[in-house]
Amino acid sequence: MKSSAHDFSEAAERHLDDVHAFLVYLTGDRNVAEDLTSETFARALERWRRYDPRRGSARTWLCQVARSTALDYFRAEERRRRREGRYALQVPETQEAAFGEGLSPELEAALSRLSAADRAVIALRVVLDLDGESAGRVLGISTTACSTRLSRALKNLEREVGSGVAA
Amino acid sequence: MSQLELVQELRANRPVASEALRERVRALAPPPPRRFELNFRRLVPAGAGVALAGALAVAVVLGVLHSGPKTSQVQVQAPPTETQRALGQKTPIPNALRLSKDWGPALAPALGRLQQYDAFMRVRVDDMDELSRSTQDALRFTRHLGGYVVWARYGEPGKQGDSELALRVPIAHVQDAIAHFSAYGSLVRQRIVLKDLQNKVDNLAARIRRLEAALGKAQGQRALELRARLATLRAQRANAVRRGQFARIALTMVTDTQPATAGRFGRTLDEAGSVLARELEIVLYALIVSGPLLLLGGMAILGARAQRRRADQRLLERI
């Protein structure tokens with residue numbers, strides 16, 4: 001089945017918020033997420049001919065492209081930091097709300113302390129409400145592994161929120 | 001805060017793309033269409049289809065080209081040879097060039113030099129009657145040419161039969177013999193090996209002359225030794241000369257597996273089937289040879305993918 005440019009515009013309009021939200025959670029930085037969202041859709045437009053609706057929804061496919069774009073960014077950042085002699089990756093410190101406008105400060109802080117891997121599975125399964133199979137496809141893991149990872153990520157989040165409140 | 005409350009709060013406050021980002025995405029222009037895009041998933045089945053069609057086409061073309069009349073069906077009466085005239089024999093000797101046109105005339109031995117001539121022939125005859133007739137004829141014809149039979153084997157275990165003959169034919173008549181044997185049916189294989197014996201015989205003759213000269217002057221024990229060596233050399237020379245006088249012919253005849261009356265279409269199918277079988281054999285051979293390499297390559301690709309996935313996961317866990 002051939003995908004047209006018109007179909008892409010529709011898919012981009014419909015799933016822009018999803019891709020953006022996923023990238024916000026993955027990077028923990030709204031500015032970076034915006035750039036990566038734009039980059040994701042540019043890549044997706046280039047590869048749109050290869051998209052096959054029989055193999056998954058457009059939203060899943062776009063999230064796969066977004067994850068791949070973000071990983072490229074992380075690798076480039078890691079190389080850059082290594083060159084600069086900074087061995088620890090730093091979580092960006094921003095004054096504005098990173099993950100959502102109405103989130104409590106404790107939850108915001110807890111999310112920022114989680115790893116990108118935990119935030120990615122939370123974004124896909126909780127925020128975007130993807131089913132286990134689709135989320136697993138985006139992350140390149142099985143449905144069972146995805147469930148295990150979600151459970152662990154939510155526990156970590158709960159613990160981080162608890163430790164933030166206690167502090 | 002429980003996990004349920006966390007989930008509710010996360011869902012209620014999901015990030016929303018800004019209008020500026022929306023505009024940036026809307027402004028994306030589609031890339032110019034590519035003339036040719038290499039798509040591996042489509043290329044593999046397409047390539048396999050083309051290869052299959054090519055293999056079938058080659059089989060059909062070769063089948064049609066090789067399904068012409070059999071050489072055994074164009075027997076031509078040739079004038080009798082000098083040998084036949086001398087022997088008063090009625091067995092026709094077919095025209096060598098016409099009957100073995102696919103192979104060309106048999107390699108001729110060099111005149112004036114002693115050569116060892118070995119010929120291996122495989123001829124397919126039409127049926128069991130023809131096999132029996134041809135075997136008897138080959139034995140008779142060999143004797144008529146002044147040759148002899150070293151050994152013969154004839155067998156017809158079922159519908160198929162074969163016969164193997166080891167013959168010695170005077171070197172002067174070897175071409176007649178090969179042409180005659182080729183006419184029994186379709187010549188499916190022929191190999192001729194020529195080996196020069198002249199130098200060997202000349203060397204032996206020179207050594208014999210030297211020994212004879214030495215023997216004239218020798219006495220006692222020395223003379224006995226020289227005589228023994230002389231006898232050995234003479235035997236060797238006689239043996240070499242004999243080998244140069246008689247060509248060795250190994251003639252194998254087999255019955256045709258297809259009915260002799262099969263038409264052109266049947267022969268085309270037969271030939272095409274043979275070509276396809278040969279192609280399949282080559283493909284299987286290539287697969288067997290390259291199989292381990294392909295397997296290793298596939299495992300390497302899968303391993304690299306798994307490693308990359310683990311590296312990605314580790315990277316995401318560090319951030």
Side-chain angles (χ1 to χ4, degrees), chain A residues 5 8-9 12-13 16-17 19-21 24-28 30 33-34 37-38 41-42 45-46 48-50 67 70-71 74-75 77-78 89 91 97-104 106-107 110-111 115-120 122-123 126-129 139-141 154-155 157-158 161-162 165, chain B residues 1-48 298-319:
Chain A
F8 176 79
S9 302
E13 196 69 45
L16 176 61
D17 282 333
V19 172
H20 177 249
V24 165
Y25 270 71
L26 206 52
T27 60
R30 283 202 168 225
E34 287 213 347
T37 305
S38 179
F41 279 100
L45 181 55
E46 213 168 278
W48 185 243
R49 270 189 237 100
R50 282 188 246 166
R67 182 174 182 267
L71 279 168
F74 290 141
R75 283 190 212 104
E77 276 295 289
E78 198 176 44
L89 285 168
V91 176
F99 298 101
E101 298 297 335
L103 283 181
S104 63
E106 295 84 17
L107 190 49
L111 279 171
S115 70
D118 283 347
R119 290 200 302 266
I122 288 173
V126 177
V127 181
L128 304 191
D129 203 15
L139 298 172
I141 55 176
L154 284 176
K155 266 185 201 156
L157 181 62
E158 195 178 20
V161 170
V165 170
Chain B
M1 199 181 273
S2 69
Q3 279 191 15
L4 185 62
E5 289 168 327
L6 287 174
V7 167
Q8 283 171 346
E9 189 174 342
L10 289 171
R11 280 187 178 152
N13 301 287
R14 55 182 285 175
V16 180
S18 66
E19 198 51 41
L21 175 61
R22 215 169 280 282
E23 284 304 318
R24 269 166 75 184
V25 172
R26 278 184 198 134
L28 288 173
R34 290 181 191 168
R35 272 189 194 169
F36 178 72
E37 194 171 1
L38 199 66
N39 189 332
F40 194 68
R41 282 204 181 92
R42 287 178 194 168
L43 208 65
V44 169
M299 283 167 67
I301 289 171
L302 288 177
R305 273 189 193 172
Q307 198 176 359
R308 176 151 182 134
R309 205 174 292 149
R310 278 197 298 274
D312 287 347
Q313 184 60 23
R314 279 198 300 273
L315 176 65
L316 290 177
E317 279 167 2
R318 278 202 303 274
I319 297 168

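Numbers restart at 1 for each chain; the letters A, B, ... are given by sequence-line order, proteins then strands.
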The criterion is side chain to side chain contact (heavy atoms under 4.5 Å, CB included); which residues satisfy it with B:R309, sequence neighbours excluded?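 By the side chain to side chain contact (heavy atoms under 4.5 Å, CB included) rule, B:R309 matches no residue at all.
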By side chain to side chain contact (heavy atoms under 4.5 Å, CB included) - contacts of B:Q8 (at least two apart):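 Residues passing side chain to side chain contact (heavy atoms under 4.5 Å, CB included) with B:Q8: B:L4.
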Check each atom of [X] against the heavy atoms of chain B and say whether the ones under 4.5 Å are side chain, backbone, both or neither.
{"X": "A:I141", "answer": "neither"}
{"X": "A:A12", "answer": "side chain"}
{"X": "A:L107", "answer": "side chain"}
{"X": "A:V24", "answer": "side chain"}

Look only at the side chain of B:R14 and the backbone of A:L128, and say whether a donor-acceptor pair between them is shorter than 3.5 Å.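 Looks like no, no N/O pair under 3.5 Å.
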Is a donor on one side and an acceptor on the other found under 3.5 Å between the side chain of B:R11 and the backbone of A:V126?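 Yes, because the side chain of B:R11 sits within donor-acceptor range (under 3.5 Å) of the backbone of A:V126.
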Looking only at heavy atoms and a cut-off of under 4.5 Å, which of B:D312, B:V25, B:V7, B:N13 has the most pairs with chain A?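 Of B:D312, B:V25, B:V7, B:N13, B:N13 has the most heavy-atom pairs under 4.5 Å with chain A.
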Between B:A27, B:S18, B:A311, B:A17, which shows the greatest number of heavy-atom pairs under 4.5 Å with chain A?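 Of the options given, most contacts go to B:A17.
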Given a strict heavy-atom distance threshold of 4.5 Å, which part of B:R22 is in contact with chain A: side chain, backbone, both, or neither?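 Contact with chain A: backbone and side chain both.
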Pair B:R26 + B:E19: basic N to acidic O under 4.0 Å: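 Yes, charged N to carboxylate O under 4.0 Å.
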Contact leader toward chain B among A:L154, A:L103, A:L111, where contacts are heavy-atom pairs under 4.5 Å: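 Heavy-atom pairs under 4.5 Å are most numerous for A:L103.
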Among the listed options A:R67, A:K155, A:E13, the residue most often paired with chain B at heavy-atom distances under 4.5 Å: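 Winner by heavy-atom pair count: A:E13.
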Does CD in B:Q307 sit with more than 12 non-hydrogen atoms of other residues, nucleotides or ligands closer than 6.0 Å?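 Counting other residues, nucleotides and ligands, CD of B:Q307 stays at 12 neighbours or fewer.
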Quick check for you: to the nearest 0.5 Å, what is the distance between A:E46 atom CD and B:L28 atom CG?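 The distance works out to 10.5 Å.
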